[in-house]
2 protein chains.
Amino acid sequence: MHSASNPAAAFRSHDHEDCLGSVLNRADTLSREAGIRMTPVRRRTLEILLEEHRALGAYEVLERLAKHGFGSQPPVAYRALEFLVEHGFAHKIRRLNAFAACMQPGEAHAPAFFICDACGAVAEVPEEDVRDALEVAADRLGFRMSRVNVEVLGTCPACIAEAA
Amino acid sequence: MHSASNPAAAFRSHDHEDCLGSVLNRADTLSREAGIRMTPVRRRTLEILLEEHRALGAYEVLERLAKHGFGSQPPVAYRALEFLVEHGFAHKIRRLNAFAACMQPGEAHAPAFFICDACGAVAEVPEEDVRDALEVAADRLGFRMSRVNVEVLGTCPACIAEAA
DNA sequence: TTACCTCTTGTTATATTATAACATATCATG
DNA sequence: CATGATATGTTATAATATAACAAGAGGTAA
């Protein structure tokens with residue numbers, strides 16, 4: 001299995017160079033196809049988010065962007081992040097006020113995020129069942145559903161093992 | 001059906017005096033039983049959250065508390081809200097950075113929140129199916145789940161009708 | 001090519017949300 | 001009624017996020 005489509009890669013050992021690289025390549029391809037501009041700041045922002053499988057706050061991203069020679073004021077980070085989220089290359093993790101790279105860019109998906117309290121790892125997991133259950137509930141309510149956030153807090157396998 | 005246990009009351013017409021009153025009574029009872037102190041600020045904060053079926057930001061709550069003669073500095077509101085959330089009398093809606101009264105206090109529940117983009121109404125709906133699906137996924141991942149946030153954005157029945 | 005338009009970047013300034021730290025007051029209880 | 005724990009109020013500040021505008025980069029069509 002190719003690591004970019006490995007669900008919950010955050011919780012599995014994998015070749016992270018390959019994982020990062022393939023997501024980045026895919027983002028480049030998708031941008032070209034969609035006619036949107038994956039500019040240097042935006043691409044670098046995505047690279048930063050891809051470095052580790054965790055969510056970064058906008059100011060953490062900003063700090064790293066500044067080190068790479070980009071602007072050092074908040075809008076620089078917020079704008080790049082907004083672009084990535086808007087085009088499906090990143091997700092905002094509301095629970096953390098932070099951002100994580102999307103591990104399935106371009107694929108229609110209704111992800112749930114599993115967030116480890118202990119180490120901060122964030123795994124993105126396709127959860128069609130959850131979305132289906134919510135669709136059913138929405139229909140019953142007469143509610144027109146547009147977006148869904150599903151975030152699960154707890155302890156990841158590695159941190160459970162560590163504690164034992 | 002008693003309005004306090006009416007799921008998604010926010011989206012249904014109901015006797016709101018009764019709805020508010022019964023949740024408040026229930027909160028009083030539960031506090032007494034649990035030996036926790038439902039003080040005036042805390043109770044008033046809950047009343048404020050119960051006025052409408054929508055989420056209020058901490059500063060909105062604070063403003064109203066101040067009008068009722070309580071302190072006017074942020075910690076006053078944040079502390080009361082923290083108490084309510086901690087004891088299951090309110091929920092934080094992460095998507096909105098805001099707080100909503102819990103409509104099923106004391107009952108074990110894994111609520112999903114349906115949030116109307118148009119009018120701000122927030123409905124709390126028991127979603128055992130969703131929780132079950134997430135438990136299954138968590139087990140598969142070896143993830144120990146502690147807390148879950150499920151928030152659905154969209155348009156409520158009333159606003160759909162309005163638009164038509 | 002220039003002229004023009006749009007989108008992007010960078011900056012300053014400020015808004016919004018949230019917490020730390022400490023003094024005073026209240027409450028249960030021994 | 002003394003005491004320790006809990007709650008309230010205050011000042012100050014931290015952390016997160018956006019508005020508004022000037023300058024630059026990129027496309028496109030005369």
Side-chain angles (χ1 to χ4, degrees), chain A residues 27-28 31-32 34-49 54-87 89-100 120 149 151, chain B residues 27-28 31-49 54-87 89-100 115 120 149 151:
Chain A
D28 288 336
S31 300
R32 224 173 307 108
I36 57 181
R37 292 167 58 190
M38 182 60 79
T39 61
V41 214
R42 292 167 174 175
R43 193 167 192 284
R44 176 63 75 183
T45 300
L46 183 54
E47 279 181 39
I48 288 167
L49 293 182
R54 65 182 190 92
L56 297 185
Y59 284 77
E60 284 180 277
V61 169
L62 179 58
E63 221 175 87
R64 298 180 197 200
L65 284 175
K67 280 186 189 147
H68 287 287
F70 296 99
S72 60
Q73 299 307 315
V76 170
Y78 279 102
R79 279 196 296 231
L81 290 164
E82 181 187 39
F83 171 89
L84 295 174
V85 169
E86 188 179 336
H87 293 93
F89 300 125
H91 298 285
K92 178 157 192 180
I93 309 298
R94 321 295 310 199
R95 184 87 201 193
L96 304 176
N97 293 325
F99 300 82
N149 281 108
E151 298 175 4
Chain B
D28 288 337
S31 300
R32 225 174 307 109
E33 287 173 5
I36 57 180
R37 293 165 59 189
M38 182 60 81
T39 61
V41 216
R42 291 166 175 177
R43 194 167 190 283
R44 175 64 75 185
T45 300
L46 182 53
E47 279 182 41
I48 288 167
L49 293 182
R54 66 181 190 90
L56 297 185
Y59 284 76
E60 284 180 277
V61 169
L62 179 58
E63 222 174 85
R64 298 179 196 201
L65 284 175
K67 280 185 188 147
H68 286 287
F70 296 99
S72 61
Q73 299 306 316
V76 170
Y78 279 103
R79 279 195 296 230
L81 290 164
E82 181 186 39
F83 170 88
L84 295 173
V85 170
E86 188 178 335
H87 293 93
F89 299 124
H91 297 284
K92 178 157 195 181
I93 310 297
R94 319 298 310 200
R95 184 88 200 191
L96 304 176
N97 293 324
F99 300 83
I115 304 164
N149 280 108
E151 298 175 3

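Order of the sequence lines fixes the chain letters, A, B, ..., with proteins taken first and strands second; residue numbering starts at 1 for each chain.
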query: Should B/T39 be listed as having a side-chain N or O under 4.0 Å from OP1 or OP2 of C/dT26?
result: no
- line: A/L56 atom CG is separated from D/dA15 atom C1', nearest whole Å, by 15 Å
task: Would you kindly give the CD1-to-C1' distance between A/I36 and C/dT8, to the nearest whole Å?
output: 14 Å
- request: Name the orientation class of the two ring planes belonging to A/H87 and A/F83 (parallel below 30°, tilted from 30 to 60°, perpendicular beyond 60°).
  value: tilted
- request: Calculate the interatomic distance between A/H87 atom NE2 and C/dC7 atom P; express it in whole Å.
  value: 11 Å
message: Using a heavy-atom cut-off of 4.0 Å across all strands, would you classify B/Y59 as base, sugar-phosphate, or nothing?
response: base
message: For B/Q73 and A/Q73, find the nucleotide of DNA chain C closest to each by heavy atoms; which residue's nucleotide sits nearer the 5' end?
response: A/Q73
Tell me which donor-acceptor pairs under 3.5 Å the side chains of residues 57-64 of chain A have, and how far apart each pair is, sequence neighbours excluded?
residue	atom	partner	partner atom	Å
A/E60	OE1	A/G57	N	2.9
A/E60	OE2	A/R54	NH2	3.2
A/R64	NH1	A/E51	OE1	3.4

- prompt: Is B/Y78 near enough to C/dA18 that one of its side-chain N or O atoms lies under 4.0 angstrom from OP1 or OP2?
  reply: yes
query: Counting only side-chain N and O atoms of A/R79, is one of them less than 4.0 Å from OP1 or OP2 of C/dC7?
result: no
- prompt: Does B/R37 make a side-chain N or O approach to OP1 or OP2 of C/dC27 shorter than 4.0 Å?
  reply: no
- prompt: Taking CG from A/L84 and P from C/dT8, how many angstroms apart are they, rounded to a whole number?
  reply: 12 Å
message: Measuring from atom CG of A/L81 to atom CD1 of A/I48, what distance do you get when rounded to the nearest 0.5 angstrom?
response: 9.0 Å
- request: Could you check which of D/dT18, D/dA7, C/dG10 has an atom nearest any side-chain atom of B/R42?
  value: D/dA7
query: Within the pair A/N97 and D/dA17, is there a side-chain N or O less than 4.0 Å away from OP1 or OP2?
result: yes
Nearest-nucleotide comparison on DNA chain C, the residue closer to the 5′ end among A/F83 and B/F99: A/F83
- prompt: Just how far, in rounded Å, is C1' of C/dT9 from CZ of A/R44?
  reply: 17 Å
- prompt: So does B/K92 get a side-chain nitrogen or oxygen closer than 4.0 Å to the phosphate oxygens (OP1/OP2) of C/dA18?
  reply: yes
Could you pull out all donor-acceptor pairs under 3.5 Å where a side-chain atom in residues 32-45 of chain B meets a protein atom, sequence neighbours excluded?
residue	atom	partner	partner atom	Å
B/R42	NH1	B/R37	O	2.7
B/R43	NE	B/D28	OD1	3.0
B/R43	NE	B/D28	OD2	3.1
B/R43	NH1	B/E47	OE2	3.1
B/R43	NH2	B/D28	OD2	2.8
B/R44	NH1	B/E47	OE1	3.0
B/T45	OG1	B/V41	O	2.6

field: Whole-Å distance separating the CD atom of B/E82 from the C1' atom of D/dT8
entry: 14 Å
- prompt: D/dA15 P sits how many Å from A/L62 CG, rounded?
  reply: 14 Å
query: With a 3.5 Å cut-off and no angle check, do the side chains of A/N149 and B/R94 form a donor-acceptor pair?
result: no
task: For A/I93 and D/dA17, give me the distance from atom CD1 to atom C1', rounded to whole Å.
output: 18 Å
